[in-house]
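In what follows, every chain begins at residue 1, and chains take the letters A, B, ... in the order their sequences are listed.
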2 protein chains.
Amino acid sequence: MSVHERKARERANRHQLIVSTARELAETHGWDAVTTRRLAERIEYSQPVLYSHFRSRNEIVGAVALEGFAELKTALRAAVPDGPADREAVTALAHAYTDFAERNHALYDAMFSLDNGLPFADEATPAPLREAYQALLDPLQDHAGSDAPGLLVETFWAALHGLVTLTRAGRMPADQVPQRLALLIDRFIPR
Amino acid sequence: MSVHERKARERANRHQLIVSTARELAETHGWDAVTTRRLAERIEYSQPVLYSHFRSRNEIVGAVALEGFAELKTALRAAVPDGPADREAVTALAHAYTDFAERNHALYDAMFSLDNGLPFADEATPAPLREAYQALLDPLQDHAGSDAPGLLVETFWAALHGLVTLTRAGRMPADQVPQRLALLIDRFIPR
DNA sequence: GCTGATTCCTAGCACCGCTAGAATCCGATG
DNA sequence: CATCGGATTCTAGCGGTGCTAGGAATCAGC
């Protein structure tokens with residue numbers, strides 16, 4: 001029965017090849033350049049092969065996004081030292097978040113801007129999403145005071161996301177991001 | 001020379017018809033449904049006519065967005081009473097902003113999410129954009145304290161924008177928007 | 001009523017996401 | 001080893017997209 005195993009392994013490899021190629025193409029030329037034709041050509045298979053792995057182009061975006069959530073979680077955890085979740089921890093967290101978005105434009109878009117079909121805040125939410133959320137929550141919940149920690153995280157996260165997207169889209173000057181982050185933390189986290 | 005005037009008037013009317021039709025189509029069926037073919041059919045002209053008014057589909061989005069900025073400014077001004085720009089004024093401002101986004105999905109997308117070709121924070125920024133920004137700034141600048149008012153406005157705006165987009169995209173539960181707004185104001189505007 | 005410029009439409013380009021059905025491959029069996 | 005049959009993959013095509021070249025129709029000015 002090892003033939004089946006080999007086939008399954010090859011399928012899994014090709015699956016990952018599709019996701020990696022889509023991600024690379026998106027990161028270098030934007031998601032608009034990730035067409036099924038171009039993607040198929042890059043992996044050296046025909047278009048219909050893509051549809052034997054994913055139901056739609058959106059589902060490929062979702063697969064890339066999933067990688068993103070795992071990496072975001074890692075980046076946030078790495079930036080925040082163990083120990084007390086003080087103001088500095090929150091500062092590190094915020095910078096890690098915006099740095100991640102800046103380093104991975106296409107990945108960030110797949111996670112938060114494009115339609116990726118992933119369920120959020122739902123019983124079916126995949127583990128990487130929950131874990132990234134948790135990595136955001138942990139350093140913040142000690143600063144919730146009388147507010148619900150969930151509300152604080154979501155609002156703080158929304159502010160970060162707003163800064164990231166509006167800056168990236170040219171809606172606000174890009175040269176003062178650190179100052180805006182400092183202001184955000186200053187107001188959000190009482191001394 | 002009245003013939004030229006009539007023609008110019010007719011052209012202007014048709015220009016507005018295109019913008020209004022695009023907006024209506026976007027608001028009822030989403031921007032994806034605003035194709036040049038469908039739009040042309042609705043205004044009862046052929047596709048190339050659109051391109052005698054706008055250089056591209058994006059430019060039509062931009063024209064709709066411009067209407068949006070004028071209306072946003074009006075909505076914000078109407079919500080904030082004259083007089084001292086206290087906490088309540090900021091609360092009214094924030095609610096007016098999120099209400100506007102909620103009432104005009106497609107319009108909001110045209111203004112802040114889609115590529116509309118409009119220059120932001122630039123010497124060529126159109127008046128409606130500046131005025132909407134100013135309507136956001138006025139009630140906030142008294143609460144800047146030692147921070148630059150511009151930074152405060154941009155950061156506060158980013159938070160509002162993040163809440164609006166992440167909620168609309170299903171990235172966070174929609175049933176606690178008022179609580180998040182309250183938290184935002186509570187932390188941003190010192191008592 | 002004719003003429004020349006303006007206005008507008010038909011038709012088409014290259015591309016898109018997606019899929020039906022034919023062709024090919026290849027493991028299992030006699 | 002040859003054949004069969006199911007899994008795999010490809011070719012070809014559908015209906016759609018934004019955008020445009022070039023010809024037809026219209027209409028103001030003489």
Original post:
Quick one: is A:Arg55 getting a side-chain N or O under 4.0 Å of the C:dT19 phosphate, OP1 or OP2?
Top reply: no
Original post:
In terms of side-chain heavy atoms of A:Tyr45, which of C:dT10, C:dC13, D:dT9 is nearest?
Top reply: D:dT9
Original post:
At under 4.0 Å, does any side-chain N or O of B:Thr36 touch on OP1 or OP2 of D:dG18?
Top reply: yes
**OP:** Go through D:dC14, C:dG12, C:dC9 for me and flag the one nearest to the B:Gln47 side chain.
**Re:** C:dG12
**OP:** Grab the NZ-C1' distance between A:Lys7 and C:dA28 for me, whole Å please.
**Re:** 12 Å
Original post:
Do B:Leu93 and B:Leu136 have side-chain heavy atoms sitting under 4.5 Å apart?
Top reply: yes
Original post:
Are A:Phe112 and A:Phe69 an aromatic pair by the rule of ring centers under 6.0 Å?
Top reply: yes
Original post:
When the distance from CZ of A:Phe54 to C1' of C:dG17 is rounded to whole Å, what number comes out?
Top reply: 16 Å
Original post:
How close or far is atom P of D:dA7 from atom CZ of A:Arg6, stated in whole angstroms?
Top reply: 15 Å
Original post:
Which nucleotide in the set C:dC8, D:dT11, D:dT20 lies at the smallest distance from any side-chain heavy atom of B:Tyr51?
Top reply: D:dT20
Subject >> Candidates B:Glu102, B:His161, B:Arg103 - the one meeting side-chain contact (heavy atoms from CB on, under 4.5 Å) with B:Tyr108 >> reply: B:His161
**OP:** Measure the distance from NE2 on A:His53 to P on D:dC10 and round it to the nearest whole Å.
**Re:** 11 Å
Original post:
Between A:Asp115 (CG) and C:dG17 (C1'), how many Å, whole number?
Top reply: 14 Å
**OP:** Would you mind reading off the distance between B:Glu10 atom CD and D:dT26 atom P, rounded to a whole angstrom?
**Re:** 16 Å
Subject >> B:Glu41 CD to C:dC9 P, straight-line distance once rounded to whole Å >> reply: 13 Å
Subject >> Rounded interatomic separation in angstrom, taking CZ from B:Arg9 and C1' from C:dT7 >> reply: 18 Å
Original post:
Strictly under 6.0 Å, is that where the ring centroids of B:Phe54 and B:His15 end up?
Top reply: yes
**OP:** Kindly point out which of D:dC19, C:dT10, D:dA12 is positioned nearest to the side chain of B:Arg57?
**Re:** D:dC19
**OP:** Could you please name the option among D:dC19, D:dC10, D:dT20 that lies closest to any side-chain atom of B:Arg37?
**Re:** D:dC19
Original post:
Quick one: which of D:dT11, D:dT9, C:dC9 gets closest to the side chain of A:Val49?
Top reply: D:dT9
**OP:** Identify, between A:Arg38 and B:Ser52, the residue whose nearest nucleotide on DNA chain C lies closer to the 5' end.
**Re:** B:Ser52
Original post:
With a cut-off of under 6.0 Å to the ring centre and 45° to the axis, is B:Arg14 in cation-pi contact with B:Tyr45?
Top reply: yes
Original post:
Is A:Thr35 touching bases, backbone alone, or none of the nucleic acid, heavy atoms closer than 4.0 Å?
Top reply: sugar-phosphate
